[in-house]
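Naming: A, B, ... by sequence-line order, numbering from 1 per chain. All of these numbers come straight from a predicted model, not from anything done at the bench.
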Amino acid sequence: MCCNTFKFAVLISGKTMSYHFNEIEAKWQKYWADNQTFKAENNSHKPKYYVLDMFPYPSGAGLHVGHPLGYIASDIYARYKRHKGFNVLHPQGYDSFGLPAEQYAIQTGQHPAITTETNIKTYRRQLDQIGFSFDWSREVRTSNPDYYKWTQWIFIQLFESYYCNDANEARPISELTSVFEIEGNSSINAACDDDVVLFSSEDWKDFSTEEQQDILLKYRLTYLAETEVNWCPALGTVLANDEIVNGVSERGGHPVVRKKMTQWSMRISAYAERLLQGLDTIDWTDSLKESQRNWIGKSVGAAVTFNINDHDEVIEVFTTRPDTIFGVSFMTLAPEHELVTKITTEAQRGTVQAYVEATAKRSERDRMADVKTISGAFTGAYAEHPFTKEPIPIWIGDYVLAGYGTGAVMSVPCGDQRDYDFAKHFKIPIPNIFDGVDISEEAFADKDKTVIANSDFLTGMNYKKATKRVIYELERLGQGKGKTNYRLRDAVFSRQRYWGEPFPVYYVNSKPQMIDQQHLPIVLPEVEKYLPTEEGEPPLGRADVWAWCTESNSVVSNDKINHTTVFPLELNTMPGWAGSSWYFFRYMEEAAHRDDAFATEDALKYWENVDLYIGGSEHATGHLLYARFWVKFLKDRGFVGVDEPFKKLINQGMILGTSAFGYFVFYSIIDRATKNVILNKKPLFISKEDYNQTLTGNEELIIDVVKSYIDKNLLSKIEKEELHLMTPMSSTYIPVEYVNASDELDIEAFKNWRPEFKDAEFILEDGVYKVGREVEKMSKSKYNVVNPDAICDQYGADSLRLYEMFLGPLEQAKPWNTAGITGVHGFLKKLWKLYVDDNGIRVNDAEASKDNLKTLHKTIKKVEEDIENFSFNTSVSTFMIAVNELTQQKCTSTSILEPLLILISPYAPHIAEELWSCLGNNESISTASFPIFEAKHLVESSKNYPISFNGKMRFTLELPLDMSKDDIEKTVMAHEKTIAQLEGRTPKKIIVVPGKIVNIVG
RNA sequence: GCUGAAGUGGUGGAAUUGGUAGACACGUUGGACUUAAAAUCCAAUGUCCGUUUAGGACGUACGGGUUCAAGUCCCGUCUUCAGUACCA
């Protein structure tokens, strides 16, 4: 790129030398694209730095000003790191599989790929106009077959792996089969399904191929399992818990039932401990780590086995308080527990069955929400206490959840409030095993503050000792052992949707088979409708060409299925989190080298992992957990070199909208004489104050307000009862674009908005109607969405970027108010004027003054610290101060104004590039190095000391900094203002902190 | 309930180790320029008392405490937001 084109850009861009942001921004955006300024290299002598945004789902609504907040922050950081000499990877892409495109397809028949493509175009245009330094050559789209080929590939790797608890890592499944052949599974310590049985090598060899496949499936990291789901027959689909309200579907209000379905699951639970431990090695916020910790939900305790009287079966429970075992007075099973029907006595069968049926009707969410109601039923059966051998009644109760632990608890009412409440309700005894504790009102759950009593060999011990001892005793009896339990459950990986990754799976005799990875990708088939089939199969059940031919190794027509060479393919697709769990690795590879691997070894080795990741906190327990899981797996199997994907993570806060409201009343007037309607239902807009007052009961007020508005002549013709007010009064959203910075409404624009307000009238204050304001989430339905396109047109991308940062701390939620943007826009104009006046460039090689240098270096220091701390709002203030000071100082020296541009360039890159080239630089400012702070320019010789009396500052005094403590004290005490303050009193104490403050006490 | 974050002018927010509370902006008010508007520039702006000038009192959700000195540290209370929830 040659400089000459732009060197005299200012002179070309206008007659007026003023700041023409539209031209400047378009010009530099084109320059960056043409010159691939931000293309990252995989070979560089520079240190690497990888800055990533959570990639967007390209929705049809496009971007609003809230979306780019995180992107602007990461862009500033990326640009800053380039100035600091790093080879920066700052890519962007699209999470382009997802539900909205599919919903739209169902409604319109439009193929989701087309909708997605259109939306991506809009997104790209909107992103481009903000001037991000993305390396678009590395773009990814999760819905591209080139991309999801590797999502399918990772799925196959998971299928071909198991988790070895001894090695504490994933291993190839082939290792497992070798062991099975030699010695069976007795020595295997692996993550697996609960129902795995012991077998010998002879057994293994005797198993049929299918039996062997079934067993292996119980070990694989992705496996098929019967999962209970919320099935909605009317919609033909599975719903998530949040999609169900009061037992019916949120969409359409159709009934929902619990149904067992065979679905793919991910054995993420195998990684629970490592996911927990790994949190200590990464730089994330405490709140985020805490959510993941809670989600993983580790609890340490013991598994205890209780024998059941007159039955061979046993009940296994998990408890965190094995030390309270002598306080057990009953056992509670979840109503769904498999033993319930077996152990229930004839006498109790009716009651128990009724209870089980009643709970089955309630959704899991209802059960959890309704904590207060205590319910349950006695089975009639008794378990045997492992130590006292006394019989313990076995109850069922819905406060015990089938999905956690073993679905059964040993109930210790004196030590657990829920057990306590249950015991009280059903009049079960509550033995006290705590020394000197009153349990007449509630349970005592504090494990650290008491001594165990009435507990045989545990009596007199504290929690720690008793726990150790009881586990030892249980192990000796073979009735229990120490155990750690996790809340984290395996993740269901099947979705009954169209617009997702197809599985590389076909079925032989209902047993899943992986398609060889060399035949990937398995491309999503065409269907004529995107709905489930009439038989309740997923949308892929509608595809005609959706069978796998093992001879041609290709997808063929369904009518060729013969179950010998051609087999049916999997009909489910993968969930949204599949593609987003590894995309950060894909960016590492240049587009030209992406065919042979998801990323080559060299690329993975060079970029390692993401240094800085910015995105919303809503992904705390979804995407961020699954991505960590897949990365750990890929690391175990040697495909990547890192254990954690995101070293540092920042959650940007939400930008809220400032909704505008109008308040109005309808009134009608009837003529007294003729009874004719003079006016019918006319909307009259009143002030917010009058509206609020009327709402709080002052109804007379509104009649006066309306009367005061009506024409005097008209008013004389009517009486009170002929003025009809429609009550209650209403308020309406007003689109924010009709309101100016001072909350004044553009009445004409508003009247044209909705027919019902076409002839509305307004009670004006000082000639204007002022709207009410309220801060809410930004959304179309609240008419408070602010579009970045409009801001860029009116103020420019640099103003938008600066303003988004200036609004407040990055991580905090904050309201958007377009009015405030004039502040940063004015700043950019001032900045421009510092470089350009009516005669052109005013910058010269004048020597910098002391003040100039002080301002510059103060700014360098502050801005550098701010960027490192992600405190972008304060650096915008710092720029404003710097420009104000330099303007006042009438600074013209290149040695000051050139470095200043580099400081500002990460924030406002377009204006910085423009002025940079105007100063005669040939290369993009992004190649310039960050100015180096020199402390010597900030050295002061004196300090304006605040002089306080009893901690209250009364006046300030300029004193040399090298003055001694004693001299400061003497000078201050001799000062006339000090004498005046003291009014003759003698101070008790004088505190002098050199360089800081003087405080006189007394 | 639990976990985490927060509470400062009319508004967004600043105050890095305890050391001049309210930086920087918005808004508001007044003024300059203009036929007028926009734009631009200048001044004032926490509240209250006082005023010709001074000056003073109060003030960082609330109540205590530590300290020469607290927005900042400690104890208690309230409120808001986010996440999570019968986890044995």
Side-chain angles (χ1 to χ4, degrees), chain A residues 18 285-295 297-299 301 317-321 324 332 334 365 367-374 397-401 403-412 415-419 421-422 445 485-487 617-618 620-621 651 653-654 658 741-743 773 775 803 806-809 811-824 826-827 829-830 833 862 865-866 869 871 873-881 884 944-956 980 987-993 995-1002:
Chain A
S18 58
T285 59
D286 288 338
S287 69
L288 204 85
K289 287 187 186 183
E290 197 58 33
S291 334
Q292 290 216 344
R293 279 193 197 104
N294 288 341
W295 195 258
K298 179 179 182 174
S299 38
V317 302
F318 173 74
T319 175
T320 53
R321 295 294 304 275
T324 63
T332 318
R365 180 155 289 206
R367 272 171 64 179
M368 286 193 267
D370 184 16
V371 182
K372 296 228 170 65
T373 325
I374 295 161
D398 68 359
Y399 79 96
V400 178
L401 303 174
Y404 182 77
T406 59
V409 300
M410 59 175 227
S411 303
V412 183
D416 182 286
Q417 194 57 43
R418 289 155 305 165
D419 294 345
D421 295 339
F422 194 88
N485 211 40
Y486 297 90
R487 192 189 88 107
S617 56
E618 66 272 21
T621 51
N651 292 127
M654 211 192 319
T658 317
S742 311
D743 292 347
R773 291 285 201 175
V775 172
Y803 189 50
F806 188 62
L807 276 179
E811 295 175 82
Q812 191 178 306
K814 48 214 171 272
W816 177 269
N817 178 10
T818 304
I821 202 170
T822 54
V824 292
F827 157 73
K829 286 188 194 165
K830 274 191 212 163
K833 280 195 192 161
K862 177 84 169 109
E865 283 167 1
D866 283 347
N869 293 322
S871 175
N873 55 327
T874 50
S875 31
V876 179
S877 311
T878 308
F879 293 140
M880 290 173 170
I881 294 166
N884 286 345
N944 197 21
Y945 278 92
I947 313 298
S948 307
F949 292 81
N950 297 320
K952 281 175 190 164
M953 203 281 286
R954 291 301 159 186
F955 63 94
T956 59
K988 286 192 197 117
K989 208 171 179 183
I990 299 158
I991 314 279
V992 177
V993 185
K996 288 235 162 119
I997 199 168
V998 177
N999 191 15
I1000 298 160
V1001 187

_A:Ser877 side-chain N/O to B:G13 phosphate OP1/OP2 under 4.0 Å_ = no
_Mutual orientation of the aromatic rings belonging to A:Phe422 and A:Tyr399 [parallel < 30°, tilted 30-60°, perpendicular > 60°]_ = tilted
*What integer number of Å spans the C1' atoms of B:G59 and B:A70?*
14 Å
_Suppose we define a pair by two distances each less than 3.5 Å, Watson-Crick or G-U wobble; what does B:C2 pair with here?_
B:G83
*At under 4.0 Å, does any side-chain N or O of A:Lys829 touch on OP1 or OP2 of B:U40?*
yes
*Indicate the ring-plane relationship of A:Phe955 and A:Phe949, choosing parallel, tilted or perpendicular according to the 30° and 60° boundaries.*
tilted
*Using a heavy-atom cut-off of under 4.0 Å over every strand shown, decide if A:Val1001 touches base, sugar-phosphate, or nothing.*
sugar-phosphate
*Taking all non-hydrogen atoms of both residues, which atom of A:Ser877 and which atom of A:Phe806 are closest, and how far apart?*
OG-CE1, 3.7 Å
_Any base atoms under 4.0 Å from A:Phe806, or only sugar-phosphate, or nothing? Heavy atoms, all strands._
base
*Using purine N1 to pyrimidine N3 plus N6-O4 or O6-N4 for Watson-Crick, or N1-O2 and O6-N3 for G-U wobble, each under 3.5 Å, what pairs with B:U28?*
B:A44
*State whether A:Lys814 places a side-chain N or O below 4.0 Å from either non-bridging phosphate oxygen (OP1 or OP2) of B:G12.*
no
_Residue-phosphate contact under 4.0 Å: A:Asn485 side-chain N/O, B:A88 OP1/OP2_ = no
*Atom P, compared across B:U66 and B:U72: separation rounded to whole Å*: 15 Å
*Select base, sugar-phosphate, or nothing to describe what A:Asn884 touches, counting heavy atoms under 4.0 Å on all strands.*
sugar-phosphate
*According to a strict under-4.0 Å criterion, is A:Gln417 in side-chain N/O contact with OP1 or OP2 of B:C86?*
no
*When you look at A:Asn869 and A:Glu865, which way does the side-chain hydrogen bond (donor to acceptor under 3.5 Å, both in side chains) test go after all the steps?*
CA-CA 6 Å; A:Asn869 293 322; A:Glu865 283 167 1; over 6 Å; no
*asked:* With a 4.0 Å cutoff (strictly under), does any side-chain N or O of A:Lys830 reach OP1 or OP2 of B:U40?
replied: no
_On the nucleotide B:U20, are OP1 or OP2 found under 4.0 Å from the side-chain N or O atoms that A:Arg954 carries?_
no
*In the strands shown, is B:A88 matched to any nucleotide by a Watson-Crick or G-U wobble pair with both distances under 3.5 Å, and which?*
none
*asked:* Applying the Watson-Crick and G-U wobble criteria at under 3.5 Å, what pairs with B:A69? Answer none if nothing qualifies.
replied: none
